[in-house]
Amino acid sequence: MDSKTAFLIYSRLNDRYPHTETHFLHFQDPFQCLVLTILSAQTTDATVNLVAPSLFARFPTPESLAAADLEEVEIIIHRTGFYHAKARHITGAARAIVERFGGRVPATMVELLTIPGVGRKTANIVLNHAFGIDEGIAVDTHVRRLAQRIGFSDSANPDKIEQDMIALFPRSHWGDITYLLIRHGREICPARKPQCETCVIRDLCRFVHSEEKG
DNA sequence: CTCCCGATAT
DNA sequence: ATATCAGGAG
């Protein structure tokens, strides 16, 4: 894969999915973005958006969530799955933000990675989505699957895929390509039964070529 | 590597 | 019934 092909793929997806950023998590500040992104692990954003209003009505600030009763949090976020671990993650994250970052979500990768429940994927999402900072590329299960199918990377390792894609796209596209690939992955290119017949990057995709050849 | 874990599509 | 979903911790 060369950067010209990568740019062509970006352009096609960008034309196909306008205003993609409005299709995801509903948050009002970096704190809410961080909490909802932690909750979105292995969970659709629609489910996360469902619990967000009651969660933030009850715990509107890092201070209130840091002092929250674990069981009360578990009940509110129950539908997002992994609720026991996630309740500990978001209350722990709130505590870290209050105790170590003055009540403000930090805006650097190294600081975000010290927060409970935050890995590279979550950190990249928060940096880009809440702060508009393109420090890396968030590689979730959709991005990983599409990067391998399309041919952005030959690796199955998310960190390696991120490095390969960073080399392939200009920094100004790092945030957008993530959302475009996630939306394309959901609507056209899921793990099972990808709809290659209606895919706008069909002619540029390694996966289609290998399928056609057998 | 396993575990966490409910909701949804197939 | 089974796979998968905007992953991360132990």
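Remember, predicted model here, so these are calculated numbers, not experimental data.
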Quiz item: Rounded to whole angstroms, how far apart are CZ on A:R88 and C1' on C:dG10?
Solution: 10 Å
Practice problem: Would you give the length of the straight line joining atom NE2 of A:H84 to atom CD1 of A:I77, rounded to the nearest 0.5 angstrom? | Solution: 10.5 Å
Quiz item: By ring pair (Phe, Tyr, Trp, His ring centres under 6.0 Å), which residues pair with A:F152, not counting sequence neighbours?
Solution: A:F169
Practice problem: Nearest whole angstrom, please: distance from the P of C:dC5 to the CD of A:E187. | Solution: 15 Å
Self-check item: Spacing of the P atoms in B:dT2 and C:dA3 (rounded, Å)
Solution: 15 Å
Quiz item: Looking at residues at least two apart in the chain, or sitting in another chain, which of them share a ring pair (Phe, Tyr, Trp, His ring centres under 6.0 Å) with A:F82?
Solution: none
Atom pairs under 3.5 Å, N or O on each side, protein against nucleotides 7-9 of chain C: can you list them with distances?
{"residue": "C:dG7", "atom": "OP2", "partner": "A:Q42", "partner atom": "N", "Å": "2.5"}
{"residue": "C:dG7", "atom": "O5'", "partner": "A:Q42", "partner atom": "N", "Å": "3.2"}
{"residue": "C:dG7", "atom": "N7", "partner": "A:Q42", "partner atom": "NE2", "Å": "3.1"}
{"residue": "C:dG8", "atom": "OP1", "partner": "A:G119", "partner atom": "N", "Å": "2.9"}
{"residue": "C:dG8", "atom": "OP1", "partner": "A:G119", "partner atom": "O", "Å": "3.4"}
{"residue": "C:dG8", "atom": "OP1", "partner": "A:T122", "partner atom": "N", "Å": "2.9"}
{"residue": "C:dG8", "atom": "OP1", "partner": "A:T122", "partner atom": "OG1", "Å": "2.6"}
{"residue": "C:dA9", "atom": "OP1", "partner": "A:G117", "partner atom": "N", "Å": "3.0"}

Practice problem: Mind checking salt bridge (Lys or Arg N to Asp or Glu O under 4.0 Å) for A:R149 and listing every partner two or more places apart, or none if nothing turns up? | Solution: none
Self-check item: Spacing between A:N49 atom CG and B:dG6 atom P, to the nearest angstrom
Solution: 20 Å
Quiz item: Can you name the residues that form a salt bridge (Lys or Arg N to Asp or Glu O under 4.0 Å) with A:R79, not counting sequence neighbours?
Solution: none
Quiz item: CD1 of A:I77 versus P of B:dC5: gap in Å, rounded?
Solution: 9 Å
Restricting both atoms to N or O, compile the protein contacts to nucleotides 7-10 of chain B shorter than 3.5 Å, with distance only.
none

Quiz item: For A:Y83 and B:dC5, what is the distance between atoms OH and P respectively, to the nearest whole Å?
Solution: 6 Å
Quiz item: Who are the salt bridge (Lys or Arg N to Asp or Glu O under 4.0 Å) partners of A:E111, not counting sequence neighbours?
Solution: none
Quiz item: Rounded to the nearest Å, what distance is computed from the CG atom of residue A:L39 to the P atom of nucleotide C:dC5?
Solution: 18 Å
Quiz item: In this structure, are over 12 heavy atoms from other groups packed under 6.0 Å from A:E71 atom CD?
Solution: no
Exercise. Find the distance A:R144:CZ to C:dT4:P and express it as a whole number of Å.
Key: 11 Å
Exercise. Can you tell me which residue pairs pass the salt bridge (Lys or Arg N to Asp or Glu O under 4.0 Å) test with a partner in residues 151-174 of chain A, sequence neighbours excluded?
Key: A:R120-A:E162, A:D154-A:R206, A:K160-A:D164
Exercise. Specify the separation, in whole Å, of atom CD1 of A:I182 and atom C1' of C:dC5.
Key: 12 Å
Quiz item: Which whole number of Å gives the distance between the P atom of C:dG10 and that of B:dC5?
Solution: 13 Å
Quiz prompt | Which residues share a salt bridge (Lys or Arg N to Asp or Glu O under 4.0 Å) with A:D15, sequence neighbours left out | solution = none
